[in-house]
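Each remark here refers to the structure printed beneath this line.
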Amino acid sequence: TGYVSTVVFSPDGKILAGGSPDQTVKLWDVSSGQLIRSFKGHGDSVYSVAFSPNGKTIASASHDRTIRLWDVNTGQLIRALEGHGSFVHAVAFSPDGNQIASGSYDETLGLWDVSSGRRIRSFNGHSGWIESIAFSSDGKQLVSASADKTVKLWEVSAGSLINSFGNHISSTYGGMAVSPDGKTIAFAGYNGAIELWDASAGIRIRSLKDHDGPVQSLAFSRDGKFLF
């Protein structure tokens, strides 16, 4: 039992996965609302979950400092990824499903090989814990939002910093999304403001301020014309 800290739909939209401070990941059938199964194994709160692009695997990030990979159909643990020095707060699959990115309270991002569980590289540069992460649609870039009030754009293959945006919102960033063409980054603060930035130029395109409270999740439509 406990509140749900994160939810995500499966790629086909038929299953909803949720993580909770009760240390579990749960799957629900969207059409019936019935609980399908629970994944147990984490030793602390679960704060981020992600489906693989083919919907067969779930990754969960926990304050027990691990990322765990689960088989959706059987509920079995595939492997645990270990290496962060503090809570793991964010996780995301690459578009091809071969890699996982993680963000931690240790102020680093990790890039992991899904098949072996090996940590490929670390991304260093933030001075605060990582709030959220997202891959570009082609998987070549990674975006991270941090409690240091910056959003950083990284080159995945080299692990190098491409651009840094920030210090214009007075609170820690919440939700974040990359447009399908990779040209626009949308991110939000807990003050309710949503910012759209040109990814390559580092220029703010516009600010959306219709929310009165925190915005903790963002998503572009597939054609990139709408933001939810």
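- A distance-only check finds no donor-acceptor pair linking the side chain of R37 to the backbone of V25 [under 3.5 Å].
- Remark: the backbone N or O of D44 is paired with a side-chain donor or acceptor of S62 at under 3.5 angstrom.
- For the residue pair N124 / S122, no side-chain donor-acceptor distance below 3.5 Å is found, with atom types taken as modelled.
- Between the side chain of S144 and the main chain of I133, no donor-acceptor pair closer than 3.5 Å is present.
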Next on the checklist: Quick one, D96 with N98, criterion side chain to side chain donor-acceptor pair (under 3.5 Å). Give me CA distance, side-chain angles, the key distance, then yes/no.
Outcome noted: CA-CA 6 Å; D96 62 9; N98 293 328; 3.3 Å; yes

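- Aromatic pair H84/Y105: centroids not less than 6.0 angstrom apart.
- Between the side chain of R79 and the main chain of S115, a donor-acceptor pair closer than 3.5 Å is present.
- Side chain of S146 to backbone of G128: a donor-acceptor contact under 3.5 angstrom is found.
- A side-chain donor-acceptor contact under 3.5 Å links S94 to the backbone of Q99.
- Side-chain polar atoms of W70 and S60 form a donor-acceptor pair below 3.5 angstrom.
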Next on the checklist: Applying side chain to side chain contact (heavy atoms under 4.5 Å, CB included) to L69 and L77, what does each step give before you reach the verdict?
Outcome noted: CA-CA 6 Å; L69 304 182; L77 176 66; 5.7 Å; no

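- By the 4.0 Å N-to-carboxylate-O rule, D22 lies close enough to K26 to be salt-bridged with it.
- Using a 3.5 Å distance cut-off with no hydrogens or angles, the side chains of S104 and H89 do not pair a donor with an acceptor.
- The backbone N or O of R68 lies less than 3.5 Å from no partner atom in the side chain of T66, so there is not a single donor-acceptor pair.
- Between H63 and F87, the two ring planes are parallel [angle under 30°; tilted spans 30° to 60°].
- Of the possible donor and acceptor atoms, one in the side chain of R121 sits under 3.5 Å from a partner among the backbone N and O of V156.
- Rounding to the nearest 0.5 angstrom, the gap separating the NZ atom in K14 from the CD1 atom in I36 is 11.0 Å.
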